[in-house]
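Proteins get letters first, then strands, A, B, ... in listed order; numbering begins at 1 in each. Values below: every heavy atom of this structure, side chains too, minus hydrogens, waters and symmetry copies.
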Amino acid sequence: MSTPAAQKTAISPRREEDFPEWYQQVVRAAELAEPSDVRGCMVIRPWGYGIWENMQRQLDTMFRATGHRNAYFPLFIPLSYFAKEAEHVEGFAKECAVVTHTRLEVDAEGKMKPASALTEPLVIRPTSETIIGASYAKWVQSYRDLPVLINQWANVVRWEMRPRLFLRTTEFLWQEGHTVHETEAQARAEAMLILEIYERFTREHLAVPVFTGAKSESERFPGAVQTLTIEAMVQDRKAIQAGTSHFLGQNFSRASGIQFQNREGKQEFGWTTSWGMTTRMVGTMVMAHGDDDGVILPPRVAPTQIVILPITPKEDTRARVLEACDALALQLRGKHFADSAIEVEVDRRDLGGGVKNWEWIKKGVPIRVEIGPRDLEKNSVEVSRRDQAIKSKESMSIQEFAAGAPEILMSIQQNLYDRAKKFQEANTRVIESKKEFYDFFTARNANKPEIHGGFALAHWNGSHEVEEQIKNDLKVTIRVIPLGDGEPGHCIFTGAPSRQRVVWAKSY
RNA sequence: CGGGCUGUGGCUCAGCUUGGUAGAGCGCCUGGUUCGGGACCAGGAGGCCGUGGGUUCAAAUCCCACCAGCCCGACCA
């Protein structure tokens with residue numbers, strides 16, 4: 001154990017002291033985002049937005065590779081469109097922002113007031129099934145027009161009561177895919193394909209392992225027949241839904257009139273899907289990998305993968321050090337990691353070396369490289385990896401580092417995944433009895449309710465009453481029902497026969 | 001949207017009970033000493049004390065209303 005002084009962490013409180021507060025502090029310290037003056041909305045700062053842009057680009061590539069194309073639909077949805085699908089409206093009604101007026105006028109007291117009421121109020125999209133459906137109804141006439149495979153990158157608004165940076169904000173950014181298919185089987189396959197893309201993306205790019213499967217009826221998307229989801233475990237052992245893919249059956253095509261003449265010449269409603277992944281992923285990643293010194297970014301989504309820190313203690317060596325830094329940066333930028341050129345930054349700001357270094361630690365940049373006068377003489381660099389102890393650095397020759405940088409990035413990427421996977425496995429348990437289940441989810445310390453078991457794999461017989469009971473007692477819900485053939489058994493709550501185990505957890 | 005708490009320079013807060021028109025630490029700026037590490041010294045900028053009204057000779061301080069934020073519930077990507 002080191003001395004108290006050496007234990008000082010960049011972020012306080014530490015994760016184990018107060019996880020929610022730690023999270024807020026990390027997001028701010030790393031300059032990812034901050035709350036804005038607009039209730040429930042956040043400002044995403046360049047470092048945070050850079051991460052999102054990387055996610056966006058990478059996911060987009062995956063969508064394109066599977067035949068999807070981007071388009072853009074209106075932010076405003078006429079109330080009448082929105083109200084077409086009963087379950088859907090009911091599900092979203094409470095969180096809709098509604099535009100009722102246009103024009104501002106100055107009133108007698110000199111204040112600006114909305115002047116002219118709209119004949120039909122406009123709902124600001126909480127999701128776009130209905131407005132996109134209206135277009136699809138026009139575009140789809142024949143089975144030859146199918147499938148329609150469209151995605152849009154957009155902002156949506158859901159008037160949430162308890163916002164938290166990235167995890168739940170009133171306005172957030174996402175992608176929403178909306179597809180129409182000729183047959184049920186094709187639509188189901190589409191929903192599954194997207195689930196697989198989401199799973200692969202979080203695993204390979206964000207280094208976050210997930211459980212995949214279907215939602216129980218009570219957790220399903222309003223209006224969906226089946227909701228597929230990926231659920232990640234973060235460091236307080238809670239689950240977070242990180243992406244969803246819905247098989248919508250013919251519910252929305254019926255509501256929007258998406259009809260086509262099938263191969264037999266008969267009119268038929270299209271089979272639709274919708275799927276989305278949001279800026280919540282940024283928060284998920286922070287909570288999955290971060291430590292008490294800040295964010296730790298998987299190299300694949302880091303806006304800057306390598307930062308070069310010039311050490312310039314003496315004026316006379318300064319120019320030569322900077323020159324060496326630029327030369328190394330140039331060399332590194334010519335190399336590739338995961339299909340794109342390595343992003344390198346030389347931090348030549350006139351700040352104390354320690355201050356700079358800590359800033360990058362908090363931001364989670366994967367590799368920090370120091371070059372100082374002594375390195376110039378030895379033709380070497382000092383390399384620090386963010387996935388290793390803060391103080392550790394390794395000296396190597398410039399050539400060796402430049403040549404090996406892609407491998408180091410790869411190694412960090414892999415290490416983060418392995419760590420997260422190990423954590424997930426260590427905190428996922430097969431549970432065989434009701435008592436064991438309740439014990440598992442009971443906080444060990446009443447003051448820190450977030451410290452509890454983790455994920456439980458237990459048999460359940462499909463009864464909604466049981467789900468309700470567990471939710472009321474423990475705030476634990478079924479996160480996913482794994483797909484495929486599970487081992488049969490008996491529900492640990494009712495004793496009734498059960499087809500398979502399901503994943504239970506507390507969630508965000 | 002219900003219950004509790006809180007609004008004082010960029011941030012964290014003290015002052016309020018016992019009214020007399022503002023303080024600290026951090027951050028920021030300048031100069032210097034440092035600097036392979038979030039250093040130190042000196043000087044400096046920055047606040048109509050959430051908003052509106054009331055009581056009073058006098059309000060950050062007392063009273064009322066409103067607004068906003070936090071925590072706990074219900075809801076959610």
Validation: residues 307-317 of chain A side-chain donor-acceptor distances under 3.5 Å, sequence neighbours left out:
unit_1: A:Thr312; atom_1: OG1; unit_2: A:Arg318; atom_2: NH1; d: 3.3
unit_1: A:Thr317; atom_1: OG1; unit_2: A:Lys314; atom_2: O; d: 3.1

Exercise for the section: Report the residue from A:Val286, A:Thr202, A:Val208 that forms a side-chain contact (heavy atoms from CB on, under 4.5 Å) with A:Met281. Expected result: A:Thr202

Exercise for the section: Give one of base, sugar-phosphate or nothing for A:Leu167, where a contact means two heavy atoms less than 4.0 Å apart. Expected result: base

Exercise for the section: Can you tell me, in whole Å, how much space there is between the P of B:rG25 and that of B:rC66? Expected result: 39 Å

Handout entry: Pair A:Glu359 + A:Arg349: basic N to acidic O under 4.0 Å
Key = yes

Exercise for the section: Between B:rA77, B:rG36, B:rG38, spot the one nearest the side chain of A:Val355, thanks. Expected result: B:rG38

Completion exercise
A:Gln25 atom CD is separated from B:rC26 atom C1', nearest whole Å, by 13 Å

Exercise for the section: For B:rC16 and B:rG50, measure between their P atoms and round to the nearest Å. Expected result: 16 Å

Practice task
Under 4.0 Å from any atom of RNA chain B, heavy atoms only: list the residues of residues 277-289 of chain A that qualify, in numerical order.
Solution key: A:Thr278, A:Arg280

Practice task
Could you tell me whether the side chain of A:Asn357 has a donor or acceptor atom within less than 3.5 Å of a complementary atom in the base of B:rG36?
Solution key: no

Problem - Between P of B:rC11 and CD1 of A:Ile11, the distance in whole Å - result: 18 Å

Handout entry: Pairwise P distance for B:rG44 and B:rG52, with rounding to whole Å
Key = 33 Å

Practice task
Report which part of the nucleic acid A:Thr170 touches: base, sugar-phosphate, or nothing (heavy-atom distance under 4.0 Å, all strands).
Solution key: nothing

Problem - Span that lies between the C1' atom of B:rA14 and that of B:rG9, in whole angstrom - result: 14 Å

Practice task
Look at the aromatic rings of A:Trp275 and A:Tyr198 and report parallel, tilted or perpendicular, splitting at 30° and 60°.
Solution key: perpendicular

Handout entry: N/O (side chain, A:Lys356) to phosphate O (OP1/OP2, B:rG36) under 4.0 Å
Key = no

Practice task
Could you give the distance separating B:rU6 and B:rC40 at their C1' atoms, to the nearest angstrom?
Solution key: 37 Å

Exercise for the section: Could you check whether A:Phe92 gets within reach of a base, just the sugar-phosphate, or nothing at all, counting any heavy atom under 4.0 Å? Expected result: nothing

Problem - Position toward the 5' end of RNA chain B (nearest nucleotide), A:Arg164 or A:Pro222 - result: A:Arg164

Exercise for the section: Would you mind checking if A:Arg14 and A:Asp291 are paired as a salt bridge, meaning a charged N to carboxylate O distance below 4.0 Å? Expected result: no

Completion exercise
When both distances are under 3.5 Å in a Watson-Crick or G-U wobble arrangement, the nucleotide paired with B:rC5 is B:rG69

Handout entry: Side-chain heavy atoms of A:Thr229 within contact of A:Ser245, under 4.5 Å
Key = no

Handout entry: Gap between atoms CD and P, on A:Glu315 and B:rU34 respectively (whole Å)
Key = 13 Å

Completion exercise
Taking B:rA77, B:rG38, B:rC75 as options, the one with an atom nearest any side-chain atom of A:Lys94 is B:rC75

Practice task
Decide, applying a 5.5 Å centre-distance limit and a 30° plane-angle limit (both strict), whether A:Trp174 stacks on B:rA77.
Solution key: no

Handout entry: Rounded interatomic separation in angstrom, taking CE from A:Met42 and P from B:rA77
Key = 16 Å

Handout entry: Length of the CZ-P vector between A:Arg158 and B:rA77, whole Å
Key = 6 Å

Exercise for the section: Once you apply the 3.5 Å cut-off to both distances, tell me the Watson-Crick or G-U wobble partner of B:rG31, or none. Expected result: B:rC41

Practice task
Would you mind listing every side-chain hydrogen bond (donor to acceptor under 3.5 Å, both in side chains) that reaches into residues 366-377 of chain A, with sequence neighbours excluded?
Solution key: A:Asn357-A:Arg368, A:Glu370-A:Lys393, A:Asp375-A:Ser380

Practice task
Give the nucleotide from the list B:rG36, B:rC75, B:rA77 with an atom nearest to the side chain of A:Arg374.
Solution key: B:rG36

Handout entry: Nucleotide B:rG10, atom P - distance to CZ of A:Arg28 in whole Å
Key = 13 Å

Practice task
Give one of base, sugar-phosphate or nothing for A:Glu95, where a contact means two heavy atoms less than 4.0 Å apart.
Solution key: sugar-phosphate

Problem - Separation between the P atoms of B:rC28 and B:rC11, rounded to whole Å - result: 14 Å

Handout entry: Ion pair check, A:Lys362 and A:Glu31, cut-off under 4.0 Å
Key = no

Exercise for the section: For A:Ala242, answer base if it contacts any base atom (sugar-phosphate contacts may also be present), sugar-phosphate if it contacts only those atoms, and nothing otherwise; contact means non-hydrogen atoms under 4.0 Å. Expected result: nothing

Problem - B:rU18 versus B:rA59 - spacing of their C1' atoms, nearest Å - result: 15 Å

Handout entry: Side-chain donor/acceptor of A:Arg168 to base of B:rC76, under 3.5 Å
Key = yes

Completion exercise
Using Watson-Crick geometry (N1-N3 plus N6-O4 or O6-N4) or G-U wobble (N1-O2, O6-N3), each under 3.5 Å, B:rC11 is paired with B:rG25

Practice task
Check whether any side-chain nitrogen or oxygen of A:Lys471 sits under 4.0 Å from OP1 or OP2 of B:rC75, and answer yes or no.
Solution key: yes

Problem - Short N-O contact, A:Arg203 and A:Glu199, less than 4.0 angstrom - result: yes

Practice task
With heavy atoms under 4.0 Å as the rule, sort A:Glu359 into base, sugar-phosphate or nothing.
Solution key: nothing

Practice task
Using whole Å, report how far CZ of A:Phe221 lies from C1' of B:rC75.
Solution key: 15 Å

Practice task
Would you mind classifying the nucleic acid contact of A:Pro35 as base, sugar-phosphate or nothing, using non-hydrogen atoms under 4.0 angstrom?
Solution key: nothing

Practice task
Give A:Gly352 one of three labels, base, sugar-phosphate or nothing, depending on what nucleic acid heavy atoms sit under 4.0 Å from its own.
Solution key: nothing

Exercise for the section: Could you pick out which residue, A:Asp375 or A:Gly91, lies toward the 5' side of RNA chain B when each is mapped onto its nearest nucleotide? Expected result: A:Asp375

Problem - Presence of salt bridge, A:Asp326 and A:Arg348, under 4.0 angstrom - result: yes

Practice task
Write down the distance separating the C1' atoms in B:rA77 and B:rU51, rounded off to the nearest Å.
Solution key: 35 Å

Practice task
Measure from CD on A:Glu370 to P on B:rC35 and round the result to the nearest Å.
Solution key: 16 Å

